[in-house]
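Down below is the structure, laid out as structure tokens.
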Amino acid sequence: MGLFSKLISKLTNSNEVSLSDWKTLEADLLAADIGPKIVESIINQARLIRGDQAQSALTQVLMKSLSRAPREMNLSVAKPSTFLIVGVNGTGKTTSAAKLAAHFQKKSLTVILGAADTFRAAAVEQLQTWGKRLDILVISGKEASDPAAVAFESAQKARDSHSDILIIDTAGRLHNKSDLMHELEKVKRVVEKITPVNEVLLVIDATTGQNGLIQAQVFSESVAVTGIILTKLDGSAKGGIALSIEATLDIPIKWIATGESIEDIAPFDPERYIEGLLA
């Protein structure tokens, strides 16, 4: 049942919503990881809705909270189109990089993966394993080697081989460590000496709540995040963080990942997302 289904039913059938109903809705929205400012705005607008137009009116209210920035991936005419995958440890960052690679490979595009999460051997090994399964070249360095050096080599290889897509998995940096954020800026600068960075995609775990919003704010300040990959957005994830991030930062969610399979990634569909909140 969607977050707003009871409200829609009351508005449609009785046109009367009690103070208790509004307080219950407010509590539900906050529990769903929609931030307090956004919740207040939604409820104030919802109070003006009446009658059998409740669902369509509420749909418009929620759609206005979403970003209007383009959701399509920014692909360049000149090869390669380069994507940096950033985020903290445990969000599904490395797996998301592999999923994106598989997605573009299915579109008959040539892909190279850069394993620049050199501080975590498991991340490099994971990406190499996916590379072997998908028959995709993975550029990597020695454990604890300079991430920027791996990123630079990846960019050179993608450019020289005229590959269509370069996807670089960066270290799972703690968003409250300024020195590590500076290092991420360095990785981007080094890559841009070879080829422009088309997208900086931040991977956020949908179950982390408002901490996901904090991550988006800090990463965006450092490397100008262009889009978000939202992981673990399944039946157990409340997913209201999507609305909160877009309404607060105007950063579009471009992809959602719902499982561990390589196929479990899809473009974010805002209409379908809102339908889920209202269903």
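A quick note: this is a predicted structure, and the numbers were derived from the prediction, not measured.
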Point to revise | Gap between atom OG of S220 and atom CG of L249 - 0.5 Å precision | key: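 Answer rounded to 0.5 Å: 6.5 Å.
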Review point. Once you round to the nearest 0.5 Å, how far does CD1 of I34 lie from CG of L29?
Key: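 One finds 4.5 Å between CD1 of I34 and CG of L29.
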Taking the side chain from [X] and the backbone from [Y], do they hold a donor-acceptor pair closer than 3.5 Å?
{"X": "Q210", "Y": "D33", "value": "yes"}
{"X": "S163", "Y": "T110", "value": "no"}
{"X": "K93", "Y": "T170", "value": "yes"}
{"X": "T118", "Y": "S145", "value": "yes"}
{"X": "Q105", "Y": "L134", "value": "yes"}
{"X": "N198", "Y": "F83", "value": "no"}
{"X": "S81", "Y": "S76", "value": "yes"}

**Study point:** pair V138-W130: side-chain heavy atoms closer than 4.5 Å
**Key:**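 They are not in side-chain contact.
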Check your understanding: With a 4.5 Å heavy-atom cut-off, do I229 and K99 have their side chains touching?
Key ->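 Sidechains of K99 and I229: no contact.
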Practice item. Applying side chain to side chain donor-acceptor pair (under 3.5 Å) between K232 and each of D205, T208, T258, report the one that passes. Key: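 Checked D205, T208, T258 against K232; only one passes side chain to side chain donor-acceptor pair (under 3.5 Å): D205.
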Check your understanding: So, D164 and K107, do they make that salt bridge, N to O below 4.0 Å?
Key ->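 Salt bridge absent between D164 and K107.
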Point to revise | Parallel, tilted or perpendicular: ring planes of Y273 versus F268, cut at 30 and 60 degrees | key: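 The rings of Y273 and F268 sit tilted, inter-plane angle from 30° to 60°.
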Review point. Between K186 and D146, is a side chain to side chain contact (heavy atoms under 4.5 Å, CB included) present by the stated rule, with each step listed?
Key: CA-CA 11 Å; K186 175 186 173 183; D146 183 7; 3.6 Å; yes
**Study point:** salt bridge (charged side-chain N to carboxylate O under 4.0 Å, His left out) partner of E246, chosen from K254, R71, K64
**Key:**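 Exactly one candidate clears the test, R71.
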State, without any angle test, whether [X] and [Y] hold a side-chain donor-acceptor pair at a distance under 3.5 Å.
{"X": "T95", "Y": "Q126", "answer": "yes"}
{"X": "S20", "Y": "S18", "answer": "no"}
{"X": "S41", "Y": "Q45", "answer": "yes"}
{"X": "D21", "Y": "T24", "answer": "no"}

Check your understanding: Got more than 12 heavy atoms from elsewhere within 6.0 Å of CZ, R272?
Key ->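 Result for CZ/R272: open.
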Review point. In this structure, are over 12 heavy atoms from other groups packed under 6.0 Å from D135 atom CG?
Key: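 No, not enclosed.
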Practice item. Evaluate salt bridge (charged side-chain N to carboxylate O under 4.0 Å, His left out) for R120 paired with D169, printing each intermediate quantity in order. Key: CA-CA 11 Å; R120 195 163 59 97; D169 179 31; 5.6 Å; no
Exercise for review: Pick out which of L62, I253, L66, L243 makes a side chain to side chain contact (heavy atoms under 4.5 Å, CB included) with P270.
Suggested key: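 Of the listed options, the one satisfying the test is L66.
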